[in-house]
Amino acid sequence: MLPGFLGRAIELFRGREGRSLHFKAAGGATAVLALALLLGSWAVVAAEDGARGATLTSYPRALWWSVETATTVGYGDFYPVTLWGRIVAAAVMGVGITTYGMVTAALATWFVGREGRRRGHLAEAAEAAGRAAYRMGDETVRALHERFDRLERELARRDGHGPPDPPPSGAGIK
């Protein structure tokens, strides 16, 4: 078992059944980015330690540098001067670009899916309205047929050619 916070964070990002894939992807990417920023800051300070002209000599400066680098802002106020510092910088850049791209893609997919579901609900409602109109049309046609049949029986009875009309339903019941 992992200690307290780390264990809870991993359980949170492993996902719960009710969470969408978009949330899991964005959350996982954010966790990887945070880890890369923290470890990259530590690694660049270790790589730059004692180097001539090094500006990344403290962890707070290196943390700011790693945020600049991961977001590709790169103000130029801090930069690594050693080979290993530049390798760490390349890794932080790669992780930053990738994770920000993943979060953006997850959000875009979530919005597109949400719009698709909305349109699906509209299509279902239109289809239900069409079915209701069709049923209403069937009922209207049936009522017209019954009315025409009654008129034909009445005409036939008046001419003396047909049987008498049956009593209306419910007649004689008290």
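When reading the values below, keep in mind they use all heavy atoms of this one structure, side chains included, and skip hydrogens, waters and symmetry mates. We number each residue from 1, following the sequence as shown.
Note: the hydrophobic cluster containing Tyr75 does not contain Tyr79 (ILVMFWY, side chain heavy atoms under 4.5 Å, direct or indirect links). When the side chains of ILVMFWY residues are joined at heavy-atom separations under 4.5 Å, either directly or via intervening members, Met93 and Val73 end up in two distinct hydrophobic clusters.
Looking at every heavy atom in both residues, Glu68 comes nearest to Asp77 through OE2-OD1, 2.9 Å.
A salt bridge does not link Arg142 with Glu146: every distance from a Lys NZ or Arg NE/NH1/NH2 to an Asp or Glu carboxylate oxygen is 4.0 Å or more.
Under a 4.5 Å side-chain heavy-atom cut-off, the cluster of Ile, Leu, Val, Met, Phe, Trp and Tyr residues that includes Met136 has no other member. Here Ile87 is tied into one hydrophobic group with Leu83, Trp84, each link being a pair of ILVMFWY side chains closer than 4.5 Å.
For the pair Thr55 and Trp65, the minimum side-chain heavy-atom distance is 4.5 Å or more.
Taking NE2 of His145 as the start and CZ of Phe148 as the end, the distance is 8.5 Å to the nearest 0.5 Å. Taken to the nearest 0.5 Å, the CG atom of Asp149 stands 11.0 Å off from the CG atom of Leu144.
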### Query
Does the pair Leu155 and Glu152 meet the rule for a side-chain contact (heavy atoms from CB on, under 4.5 Å), with working shown?
CA-CA 5 Å; Leu155 286 173; Glu152 286 176 348; 5.7 Å; no

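A search for side-chain hydrogen bond (donor to acceptor under 3.5 Å, both in side chains) contacts involving Glu139 returns nothing, not counting sequence neighbours. For Thr82, the side-chain hydrogen bond (donor to acceptor under 3.5 Å, both in side chains) partners two or more places apart in sequence, or in a different chain, are Glu48.
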What donor-acceptor contacts under 3.5 angstrom involve side-chain atoms of residues 35-45, with partners at least two apart or in another chain?
residue : atom : partner : partner atom : Å
Ser41   : OG   : Leu37   : O            : 2.7
Ser41   : OG   : Ala62   : O            : 3.3
Ser41   : OG   : Leu63   : N            : 3.4
Ser41   : OG   : Ser66   : OG           : 2.9

Distance-only donor-acceptor pairs under 3.5 Å for side chains of residues 97-113, two or more places apart:
residue : atom : partner : partner atom : Å
Thr98   : OG1  : Gly94   : O            : 2.7
Thr99   : OG1  : Val95   : O            : 2.8
Thr99   : OG1  : Gly96   : O            : 3.2
Thr104  : OG1  : Tyr100  : O            : 2.8
Thr109  : OG1  : Ala105  : O            : 2.8

